[in-house]
Amino acid sequence: MTAAPARVGRYYTAARRHPWVLGKVADWKIPLGPYTPAQIALAVGGGFLLIKTIGWWTWMGPVPIVAWLLAIWAVRRPRIRGRAPLQAALGWMLLGWQPRGGRIGGRAARDRAPRPLLGGFTIEGAPPAPGTAAKDRPSRRPGRRAPAVPAVSAGPVSGVQQLIALAQHSGGAR
């Protein structure tokens, strides 16, 4: 029995199929191109700088122009942690612009103002014996009234409590 050949699936995003380059239209491309946005920015910026500083570097001959052309060639596919330099610079700029605490729902995350947390507790004694009213006990907190308790007293519940109550009403033991 022979094993089936392994299937391999590949997925290519539109960015990988059509990278962002300038100077390529269908099968035609500009000479020595296509050029990336970084190359065009370096070509324009470097050319402007070379023209403005021509008095400083003319004694070197063609060295600055060759260095400029090599720099344009060198930035054709640079990567900074897998990202193009312009996108990496934009990411660093946006990172510096973010608030320190980050964002929640599009707004800057801020810590709430501190405020005291107030609370209290009550320590109660043993529950009252059957037949005693709550008004006989003193209040544990000044300025607070005890909660209203119904005036009906609960009778003995268990059989032993009923026998004790019967013995007390009949005047003691016989």
Side-chain angles (χ1 to χ4, degrees), residues 1-128 140-141 144 146-150 154 157-159:
M1 185 172 210
T2 61
R7 290 181 160 183
V8 177
R10 290 186 175 88
Y11 179 78
Y12 296 101
T13 63
R16 291 193 182 271
R17 286 183 298 210
H18 305 288
W20 187 34
V21 293
L22 302 171
K24 183 176 182 181
V25 177
D27 290 334
W28 179 83
K29 62 181 183 174
I30 59 176
L32 302 175
Y35 299 106
T36 63
Q39 285 178 302
I40 292 175
L42 185 62
V44 171
F48 179 76
L49 185 68
L50 282 175
I51 290 171
K52 289 296 182 181
T53 61
I54 198 165
W56 294 352
W57 58 265
T58 51
W59 60 271
M60 288 192 259
V63 173
I65 295 174
V66 170
W68 174 55
L69 294 173
L70 284 174
I72 292 171
W73 176 81
V75 297
R76 72 190 184 283
R77 288 191 185 145
R79 295 281 177 230
I80 299 171
R81 291 193 177 185
R83 298 173 70 190
L86 291 177
Q87 285 82 7
L90 179 65
W92 280 104
M93 185 182 72
L94 290 176
L95 178 66
W97 196 347
Q98 293 292 325
R100 286 186 182 253
R103 293 187 182 273
I104 297 175
R107 293 183 173 179
R110 305 256 186 250
D111 289 333
R112 293 185 179 187
R115 60 178 191 232
L117 179 63
L118 302 175
F121 59 93
T122 304
I123 299 176
E124 295 182 1
R140 302 215 187 275
R141 289 188 184 172
R144 290 196 180 210
V149 177
V157 178
S158 69

Can you give me every donor-acceptor pair (side chain of residues 49-58, partner residue at least two apart or in another chain, under 3.5 Å) with its distance?
from, atom 1, to, atom 2, distance (Å)
Thr53, OG1, Leu49, O, 2.7
Trp57, NE1, Leu50, O, 3.0
Trp57, NE1, Thr53, O, 3.1

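The shortest heavy-atom contact between Ala109 and Gly101 is CB-O, 3.7 Å. Residues Gln39 and Ile72 approach most closely at NE2-O, 3.0 Å, considering heavy atoms.
For Leu70, the side-chain contact (heavy atoms from CB on, under 4.5 Å) criterion is met by Val66, not counting sequence neighbours.
Sorted by first then second residue, the side chain to side chain donor-acceptor pair (under 3.5 Å) pairs that include residues 99-115, not counting sequence neighbours, are Gln98-Arg103.
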